[in-house]
Protein chains: 4
Amino acid sequence: MAGSVNKVILVGNLGRDPEVRRLGSGDPVVNLRIATSESWKDKQSGERKEKTEWHSVVIFNENLARVAEQYLKKGSKVYIEGQLQTRKWQDQSGQEKYSTEIVLQRFRGELTLLDSRGGGGGEYGDDQGGGGQISRGGDFGSSSPMERRPAAPASGGGSKYGDIDDDIPF
Amino acid sequence: MAGSVNKVILVGNLGRDPEVRRLGSGDPVVNLRIATSESWKDKQSGERKEKTEWHSVVIFNENLARVAEQYLKKGSKVYIEGQLQTRKWQDQSGQEKYSTEIVLQRFRGELTLLDSRGGGGGEYGDDQGGGGQISRGGDFGSSSPMERRPAAPASGGGSKYGDIDDDIPF
Amino acid sequence: MAGSVNKVILVGNLGRDPEVRRLGSGDPVVNLRIATSESWKDKQSGERKEKTEWHSVVIFNENLARVAEQYLKKGSKVYIEGQLQTRKWQDQSGQEKYSTEIVLQRFRGELTLLDSRGGGGGEYGDDQGGGGQISRGGDFGSSSPMERRPAAPASGGGSKYGDIDDDIPF
Amino acid sequence: MAGSVNKVILVGNLGRDPEVRRLGSGDPVVNLRIATSESWKDKQSGERKEKTEWHSVVIFNENLARVAEQYLKKGSKVYIEGQLQTRKWQDQSGQEKYSTEIVLQRFRGELTLLDSRGGGGGEYGDDQGGGGQISRGGDFGSSSPMERRPAAPASGGGSKYGDIDDDIPF
DNA sequence: TTTT
DNA sequence: TTTT
């Protein structure tokens with residue numbers, strides 16, 4: 001449908017280390033398991049209660065997948081922005097199942113580290129995007145009027161995967 | 001967990017009329033089925049492709065449930081803000097299933113009508129919230145310095161459900 | 001206008017301690033100064049560059065104002081959700097000036113502490129909203145079908161300002 | 001600062017036609033003036049009140065600037081996602097002034113048309129991003145496992161500015 | 001399975 | 001004025 005928005009914003013902690021699969025191309029695809037929770041005081045009992053929600057995140061965005069692979073671990077706190085996707089699959093017994101995931105597509109989504117332990121958080125956006133260093137080379141090296149505005153963080157670079165150092169702002 | 005955020009933002013269209021259940025209290029709970037979609041041009045074939053994603057939305061927020069019940073119908077375009085929740089259930093054969101929904105809890109979430117047909121869209125927020133006209137009475141009737149700032153939209157009112165007219169800004 | 005959304009989401013650090021004013025009613029209004037920044041690698045020089053943006057936040061939401069007053073300090077990292085407002089004012093010389101602020105109105109907005117130092121972050125939403133303990137009393141103490149769904153965090157309570165303990169989920 | 005987020009989400013209507021400036025490179029930069037508003041019922045007077053907020057949006061993202069130039073006009077309803085930036089300038093009399101704008105940087109931000117008049121809304125994201133057709137060529141034309149997942153909308157293409165048709169999903 |  |  002034209003004119004639609006599908007956006008999920010999470011701030012939470014990883015329940016386990018990132019899981020990395022590798023595509024035929026060598027590109028990493030990273031799965032995260034992220035917990036968010038709410039707590040409140042039960043009016044009846046006066047007890048403090050808490051409910052945790054678990055989210056499955058899949059990162060196809062190559063820059064963000066590499067950042068996740070290198071910098072996230074069990075317990076890390078992250079800001080994640082992606083979109084909802086539900087996919088159908090079959091379990092071993094042939095039963096139809098549905099899974100809803102937060103997906104960061106190629107060139108899309110955001111991932112920001114929020115804990116300072118271990119060397120400091122980092123900030124990564126799809127803005128690093130595009131990725132082709134050819135088109136990006138000139139983008140951020142110019143001194144055009146536009147560039148006098150603060151430039152977006154850049155990525156892309158000389159290697160096949162871009163210069164990952166570009167993605168790491170610390 | 002302290003320090004977490006769980007937020008979904010959708011702009012899409014209803015695939016069918018809202019489904020309204022009523023709690024023992026008489027409060028409506030509304031289920032929506034919302035489509036978002038993306039389209040892109042396939043680089044290989046040159047064809048324009050489109051993929052639609054369907055979302056299940058559950059509205060417990062009483063003000064927003066009543067607005068949904070009264071103003072939404074199949075085809076309506078809405079802005080929705082809620083949180084992700086996955087719940088487990090069993091199908092007829094006893095199979096465990098999981099469903100992920102976008103939930104608008106009591107006093108939470110947002111719902112904004114975006115189509116102008118039928119008299120114009122409306123805007124409704126959790127800010128109408130709280131809902132007790134007792135506590136709200138003074139909130140919006142004062143002329144305190146704070147109130148010289150634009151007040152949030154108000155709801156609540158004289159009836160059990162509040163004065164629904166308060167929620168309808170058109 | 002019917003059908004509009006005005007939302008700002010910030011994750012950043014306080015540049016100084018919160019400033020608290022008090023309304024005639026005794027309600028606190030809190031001003032925050034929050035920094036966000038981006039860093040990128042300049043393609044020309046190869047240098048890493050950084051640009052910081054400063055944001056003025058005004059919290060009218062009473063629960064969140066009290067949380068900000070008590071738990072935030074210079075350096076704190078927070079997640080903030082509010083709306084943009086531009087107001088006109090005159091400086092000493094009578095010059096017209098405009099200031100754009102991120103405002104958390106009564107019953108609106110969100111504030112979540114993100115740093116774990118100093119006792120852990122907390123999570124606070126407008127969902128605590130409504131605030132009148134009269135209307136909220138029953139809301140969270142029931143065992144209605146709806147309440148078997150995870151309830152939203154509660155606030156409100158016995159004192160004029162509600163039981164602030166309800167707002168503190170740790 | 002590492003670990004920060006600066007995001008504005010607006011749904012509103014253009015108060016006038018887009019203003020297009022052109023950089024030395026020929027790239028368009030588009031300025032929009034967008035209204036959002038809230039309405040509420042005054043508890044004192046019983047009157048319905050409304051307050052409109054005006055926002056200045058600047059689009060450096062080339063794909064989105066071209067879309068804005070071609071498809072938006074006074075009255076159009078749009079979903080916009082950008083970041084807050086305040087810049088200092090001097091008026092004719094040398095007075096220092098500050099302006100806060102919502103900026104869509106290169107490869108960043110989102111713009112979605114929400115009105116159906118005139119042939120339907122369109123959806124455009126930073127995901128179109130990056131834009132180098134070299135890197136994008138293979139991205140969306142492959143039949144790699146990743147691509148069996150729904151691909152993101154693509155842009156970029158054969159011309160200097162990319163194939164703008166790629167950006168127009170209707 | 002996280003976090004407080 | 002923060003943070004890394």
Side-chain angles (χ1 to χ4, degrees), chain A residues 10-19 31-41 47-57 67-68 71-80 112-124 153 165 167-170, chain B residues 1-6 86, chain C residues 10-19 31-41 47-57 67-68 71-80 112-124 153 165 167-170, chain D residues 1-6 86:
Chain A
L10 300 178
V11 174
N13 296 72
L14 272 69
R16 53 178 185 239
D17 287 338
E19 289 171 7
N31 287 265
L32 305 177
R33 195 76 179 146
I34 294 183
T36 58
S37 84
E38 294 184 283
S39 80
W40 69 96
K41 195 172 178 179
E47 294 172 282
R48 180 144 291 286
K49 299 199 168 180
E50 182 169 16
K51 173 160 192 309
T52 296
E53 193 70 37
W54 286 97
H55 309 272
S56 292
V57 175
V67 166
Y71 296 98
L72 298 184
K73 59 179 185 297
K74 182 174 172 174
S76 295
K77 174 161 283 187
V78 286
Y79 172 96
I80 287 269
T112 301
L113 276 70
L114 295 176
D115 33 21
S116 39
R117 19 173 185 158
E123 181 190 350
Y124 321 95
D165 181 51
D167 297 325
I168 310 304
F170 51 78
Chain B
M1 169 190 335
S4 66
V5 173
N6 173 358
T86 298
Chain C
L10 299 178
V11 174
N13 295 72
L14 273 69
R16 53 179 185 240
D17 287 338
E19 288 171 7
N31 287 265
L32 305 178
R33 195 74 178 147
I34 293 183
T36 58
S37 85
E38 294 184 282
S39 81
W40 68 97
K41 196 172 179 178
E47 292 173 283
R48 180 146 290 284
K49 299 200 167 180
E50 182 169 16
K51 174 161 193 306
T52 295
E53 193 70 37
W54 287 97
H55 310 272
S56 292
V57 174
V67 166
Y71 296 97
L72 297 184
K73 57 178 186 298
K74 182 174 172 174
S76 296
K77 174 161 284 188
V78 285
Y79 171 98
I80 287 272
T112 301
L113 276 71
L114 295 177
D115 33 22
S116 42
R117 18 169 187 164
E123 180 190 350
Y124 321 96
D165 180 51
D167 297 325
I168 310 305
F170 52 77
Chain D
M1 166 193 336
S4 66
V5 173
N6 173 359
T86 298

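Order of the sequence lines sets the chain letters (A, B, ...), proteins ahead of strands, with each chain counted from 1.
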_Distance, rounded to the nearest Å, where Leu113(C) contributes CG and dT4(E) contributes C1'_ = 11 Å
*Can you check the Tyr79(A) OH to dT2(E) C1' distance for me, whole Å?*
20 Å
_Looking only at the side chain of Glu50(C) (C-beta and beyond, no hydrogens), which of the listed nucleotides dT4(F), dT2(F), dT2(E) gets closest?_
dT4(F)
*Where the side chain of Arg16(C) is defined as all heavy atoms beyond and including C-beta, which of dT1(F), dT3(E), dT3(F) is the nearest nucleotide?*
dT1(F)
_If I take atom NZ in residue Lys77(C) and atom P in nucleotide dT4(F), what distance separates them, rounded to the nearest angstrom?_
7 Å
*Quick one: Arg33(C) CZ to dT1(F) C1', roughly how many Å, whole number?*
8 Å
*Decide, applying a 5.5 Å centre-distance limit and a 30° plane-angle limit (both strict), whether Trp54(C) stacks on dT1(F).*
yes
*Identify the residue among Arg48(C), Lys49(C), Glu50(C) that makes a side-chain hydrogen bond (donor to acceptor under 3.5 Å, both in side chains) with Ser39(C).*
Arg48(C)
*Which nucleotide in the list dT1(E), dT2(F), dT2(E) gets nearest to the side chain of Ala35(A)?*
dT2(E)
_If I take atom CG in residue Leu114(A) and atom C1' in nucleotide dT2(E), what distance separates them, rounded to the nearest angstrom?_
14 Å
*asked:* Ignoring hydrogens, what is the shortest heavy-atom contact between Ala35(C) and Thr52(C)? Give both atom names and the distance.
replied: CB-CG2, 3.8 Å
_So which atom in Lys73(A) and which in Pro18(A) form the shortest heavy-atom distance, rounded to 0.1 Å?_
CA-CD, 3.9 Å
*In whole angstrom, give the distance that lies between atom CG of Leu14(C) and atom P of dT2(F).*
11 Å
_Given dT2(E), dT1(E), dT2(F), identify the nucleotide with an atom nearest to the side chain of Thr52(A)._
dT2(E)
*Tell me: CD of Glu38(C) to C1' of dT3(F), nearest whole Å?*
14 Å
*Provide, to the nearest angstrom, the distance between the CZ atom belonging to Arg48(C) and the P atom belonging to dT3(F).*
20 Å
*Lys/Arg-Asp/Glu bridge criterion (N-O < 4.0 Å) met for Lys51(C), Glu53(C)*: yes
